[in-house]
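These notes are about the structure you will find just below.
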Amino acid sequence: MGKFWTGRFEGYSFNHFKKDLLSGTIVGIVAIPLAMSFAIASGVKPEYGIYTAIIAGILISLLGGSRFQIGGPTGAFVPILLGVVLAYGYENLLIAGLMAGVMLVLMGIFKLGVLIKFIPRPVTVGFTAGIAVIIFTGQIGNFFGLTGLKSHEYFIDNIREIASHFNTISFYSVLIAVICMSIQLLTPKILPKVPGALVGIVVSSIVAALFFSGQVATIGTTYGAIPSTLPEFHIPEITIEKIYLLLGPAFVIAMLGGIESLLSAVVADGMTNSKHNSNKELIGQGIANIVTPFFGGIPATGAIARTATNIKSGAVSPMSGVIHGLVVLLTLLVFAPLAVHIPLASLAPVLMIVAWNMSERKHFAHILKLKSGDSLVLVITFLLTVFTSLTTAVMVGLLLAVILFAKRMSEMLIVTKVLPDHDDHHGKVLPHVVKPNHDCPQVSIYTIEGPLFFGAAQTFEQSILSSINYRPNVLILRMSKVPYIDTTGEEYFRNIVKDFKSQGGTLFVTGVNAELKKILDQNGLTKEIGEANFFARTGEAINRAIGCVNRGVCLGCKHFAFRECTDLSSTKIS
């Protein structure tokens with residue numbers, strides 16, 4: 001425990017606390033409207049978002065691996081949580097969130113935080129942009145005051161629902177939404193340190209109450225009163241059947257929560273020149289998501305925008321995140337009765353702007369302009385996120401990225417036939433020496449560059465076997481630039497060894513690095529090739545090869561590259 005405090009609050013002073021108090025208060029004020037908005041968009045009551053901001057926000061700051069992380073409900077979760085609520089109900093959402101928390105803790109314990117960095121950027125940009133589209137379009141109904149709308153799990157169904165009810169548009173709702181959006185956009189330009197979303201909601205709510213009372217749907221008319229207290233501790237009814245039923249949704253929540261929290265922590269690192277502990281962050285996020293459902297809260301993760309606001313406001317330590325949660329709690333206790341008067345049309349532009357800001361539009365456009373495999377991964381992930389589900393999008397996006405990566409890596413494998421260049425003062429073996437009328441029938445030398453893995457193994461085998469068909473006495477493989485070999489590459493390599501040995505040939509391998517040699521030792525290839533047939537330098541292998549072909553005299557040496565073979569014994573070839 002001592003290490004915990006000295007590590008995260010080392011040299012902490014009252015001046016630091018004052019900075020944390022200011023930044024925590026600002027972020028707390030920013031978090032209140034967002035927490036309610038995200039909860040409503042997720043298909044649950046607004047107070048559940050507030051409970052999440054309080055409990056999860058405090059726990060993530062205290063137990064996470066980033067000094068500046070602000071946790072709570074986020075826009076990224078909206079389509080996932082809405083889908084769970086529509087399919088399984090709110091009570092099962094709590095269980096799914098709790099299960100996701102357990103998964104996050106296990107991911108942290110088994111140090112899987114590092115694996116997040118292997119998710120390709122086109123995949124994260126694609127699904128983030130897709131989520132932004134879903135959030136934005138999901139607020140069209142509230143923005144225009146449409147009535148009779150039913151929420152659906154899929155994007156197309158929701159768009160059809162909006163289109164079929166567009167004749168119920170409310171002029172008053174549109175006016176309130178435009179007022180809120182305008183104020184939200186103008187406030188940062190006039191008062192940079194004042195939360196535009198909060199000002200927009202307050203002003204538009206006052207306008208609605210004074211001039212359009214009863215004409216615009218509000219939190220109160222839609223969801224009822226917001227309790228001005230925290231809910232009582234409640235244990236959801238957990239059964240084996242529910243656990244099996246919710247494994248899929250829980251896994252998606254855990255993966256998305258892990259990705260979002262670690263991305264947010266990386267952003268914080270870049271802004272503060274600090275370094276977070278990814279595994280500790282996952283454990284902190286997991287504990288927060290385990291505890292929060294017992295108080296009615298929905299799944300939470302690191303919030304990039306609120307974390308950035310925290311840093312820009314002068315935060316020094318995790319104390320600012322704790323203060324942020326306490327500010328939200330104080331607001332709940334004091335101002336909850338007033339929240340019922342907030343129009344849904346005021347919350348809609350808040351989420352629309354959140355969606356616009358999280359859309360990764362600049363990165364999206366940049367990757368799209370590349371017109372490469374990454375562009376294809378981006379577009380497919382984006383479209384599948386919007387039109388199917390995040391689970392499908394990420395799985396297909398990752399699979400496609402792996403396939404394209406394997407293809408690119410296979411193209412990097414270069415197998416080149418070489419021979420000694422007698423005109424080179426250093427005695428190097430070079431490819432330009434090999435010509436149709438200038439080759440050696442006794443000894444074949446190949447330089448292999450690149451990893452021998454499943455995507456490139458067949459190319460390697462075909463290139464070498466074409467030489468074996470000419471039945472040379474000695475085959476020399478220069479492998480100093482082969483960093484790795486997988487089981488597929490191993491199998492193709494073994495086929496070459498067996499085929500060449502069956503023809504009575506001798507195989508030499510040169511320049512193998514220590515890591516590759518260790519792999520060859522483990523899979524038995526060293527034994528099959530023969531320990532004595534491994535050489536550090538190509539020159540040593542050539543000298544040995546000379547002794548294997550007709551007592552040092554190369555057949556047809558007047559016409560082929562190994563003329564004056566006996567002179568090679570003193571040549572240093574790399």
Side-chain angles (χ1 to χ4, degrees), residues 41-42 74-84 86-87 100 112 115-140 152-162 247-264 266-267 301 304 352 354-412 453-456:
S42 300
T74 66
F77 273 145
V78 166
I80 303 300
L81 303 190
L82 179 60
V84 174
L86 291 175
L112 300 181
L115 296 180
I116 302 296
K117 69 181 181 182
F118 293 110
I119 297 178
R121 185 67 173 145
V123 174
T124 58
V125 172
F127 77 65
T128 302
I131 289 170
V133 169
I134 294 171
I135 294 173
F136 190 95
T137 54
Q139 294 306 306
I140 292 175
H152 299 277
E153 188 174 353
Y154 294 105
F155 175 80
I156 288 293
D157 295 332
N158 283 314
I159 292 299
R160 287 173 179 163
E161 187 77 15
I162 290 170
L247 269 177
F251 181 74
V252 175
I253 292 171
M255 289 303 299
L256 183 58
I259 293 169
E260 285 293 310
S261 63
L262 294 184
L263 284 177
S264 180
V266 169
V267 170
T301 185
I304 295 176
M352 285 178 165
V354 166
W356 176 256
N357 291 334
M358 71 177 284
S359 64
E360 299 270 18
R361 56 194 181 280
K362 292 181 180 179
H363 295 293
F364 194 101
H366 171 70
I367 297 173
L368 204 59
K369 287 178 182 177
L370 296 176
K371 296 181 179 179
S372 62
D374 285 344
S375 306
L376 180 63
V377 173
L378 172 77
V379 171
I380 288 179
T381 305
F382 169 75
L383 292 176
L384 288 176
T385 301
V386 174
F387 293 104
T388 59
S389 69
L390 181 63
T391 310
T392 303
V394 172
M395 288 177 61
V396 173
L398 284 175
L399 179 61
L400 183 59
V402 168
I403 292 172
L404 292 175
F405 173 76
K407 181 177 182 297
R408 285 195 292 266
M409 290 298 292
S410 67
E411 292 169 353
M412 290 178 65
F453 73 113
F454 63 90

Review item, side-chain donor-acceptor pairs of residues 399-409, under 3.5 Å, at least two apart:
unit_1 : atom_1 : unit_2 : atom_2 : d
Lys407 : NZ     : Glu411 : OE2    : 2.6

Atom pairs and distances, donor-acceptor, side-chain atoms in residues 372-380, under 3.5 Å, two or more places apart:
unit_1 : atom_1 : unit_2 : atom_2 : d
Ser372 : OG     : Asp374 : N      : 3.3
Ser375 : OG     : Ile367 : O      : 2.5
Ser375 : OG     : Lys371 : N      : 3.0
Ser375 : OG     : Ser372 : N      : 3.1

By side chain to side chain contact (heavy atoms under 4.5 Å, CB included) - contacts of Val266 (at least two apart):
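Val266 satisfies side chain to side chain contact (heavy atoms under 4.5 Å, CB included) with His276 once adjacent residues are dropped.
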
Which pairs, with at least one residue in residues 354-381 and sequence neighbours excluded, count as a ring pair (Phe, Tyr, Trp, His ring centres under 6.0 Å)?
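Those involving residues 354-381 are Phe364-Phe382.
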
Acceptor/donor pairs from residues 128-137 side chains to any protein atom, 3.5 angstrom cut, sequence neighbours excluded:
unit_1 : atom_1 : unit_2 : atom_2 : d
Thr128 : OG1    : Thr124 : O      : 2.6
Thr137 : OG1    : Val133 : O      : 2.8
Thr137 : OG1    : Ile134 : O      : 3.2

Closest non-hydrogen atom pair, [X] against [Y]:
{"X": "Leu390", "Y": "Leu256", "result": "CD2-CD2, 3.6 Å"}
{"X": "Ala250", "Y": "Ala100", "result": "O-CB, 3.4 Å"}
{"X": "Pro249", "Y": "Val84", "result": "CB-CG2, 3.8 Å"}
{"X": "Pro79", "Y": "Gly75", "result": "CD-O, 3.8 Å"}
{"X": "Ala41", "Y": "Gln139", "result": "CB-NE2, 3.7 Å"}

Quick one: salt bridge (Lys or Arg N to Asp or Glu O under 4.0 Å) partners of Arg160, sequence neighbours excluded?
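Partners of Arg160 under the salt bridge (Lys or Arg N to Asp or Glu O under 4.0 Å) test: Asp157.
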
Go through the structure and list residues passing salt bridge (Lys or Arg N to Asp or Glu O under 4.0 Å) with Glu161, not counting sequence neighbours.
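Salt bridge (Lys or Arg N to Asp or Glu O under 4.0 Å) check on Glu161 returns nothing, list empty.
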
Measuring from atom [atom1] of [X] to atom [atom2] of [Y], what distance do you get when rounded to the nearest 0.5 angstrom?
{"X": "Phe155", "Y": "Leu383", "atom1": "CZ", "atom2": "CG", "answer": "10.5 Å"}
{"X": "Ile162", "Y": "His152", "atom1": "CD1", "atom2": "NE2", "answer": "9.5 Å"}
{"X": "Phe127", "Y": "Ile259", "atom1": "CZ", "atom2": "CD1", "answer": "4.5 Å"}

Tell me, please, which residues at least two apart from Thr74 pass side-chain hydrogen bond (donor to acceptor under 3.5 Å, both in side chains).
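With sequence neighbours excluded, Thr74 shows a side-chain hydrogen bond (donor to acceptor under 3.5 Å, both in side chains) to no residue whatsoever.
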
Salt bridge (charged side-chain N to carboxylate O under 4.0 Å, His left out) contacts touching residues 120-136 (sequence neighbours left out):
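Residue pairs with at least one partner in residues 120-136: Arg121-Glu360.
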
Considering only residues two or more places apart or on different chains, which pairs with a residue in residues 392-405 satisfy salt bridge (charged side-chain N to carboxylate O under 4.0 Å, His left out)?
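Found none.
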
What pairs with Phe453 under ring-ring contact (aromatic ring centres under 6.0 Å, His included), at least two apart in sequence or on another chain?
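In terms of ring-ring contact (aromatic ring centres under 6.0 Å, His included), with neighbours along the sequence ignored, Phe453 is linked to no residue.
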
Donor-acceptor contact below 3.5 Å, side chain Thr301 vs main chain Ser261
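Judged by distance alone, yes, a pair lies under 3.5 Å.
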
Which residue pairs satisfy the side-chain hydrogen bond (donor to acceptor under 3.5 Å, both in side chains) criterion with at least one member in residues 383-396, sequence neighbours excluded?
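Qualifying pairs: Ser389-Thr392.
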
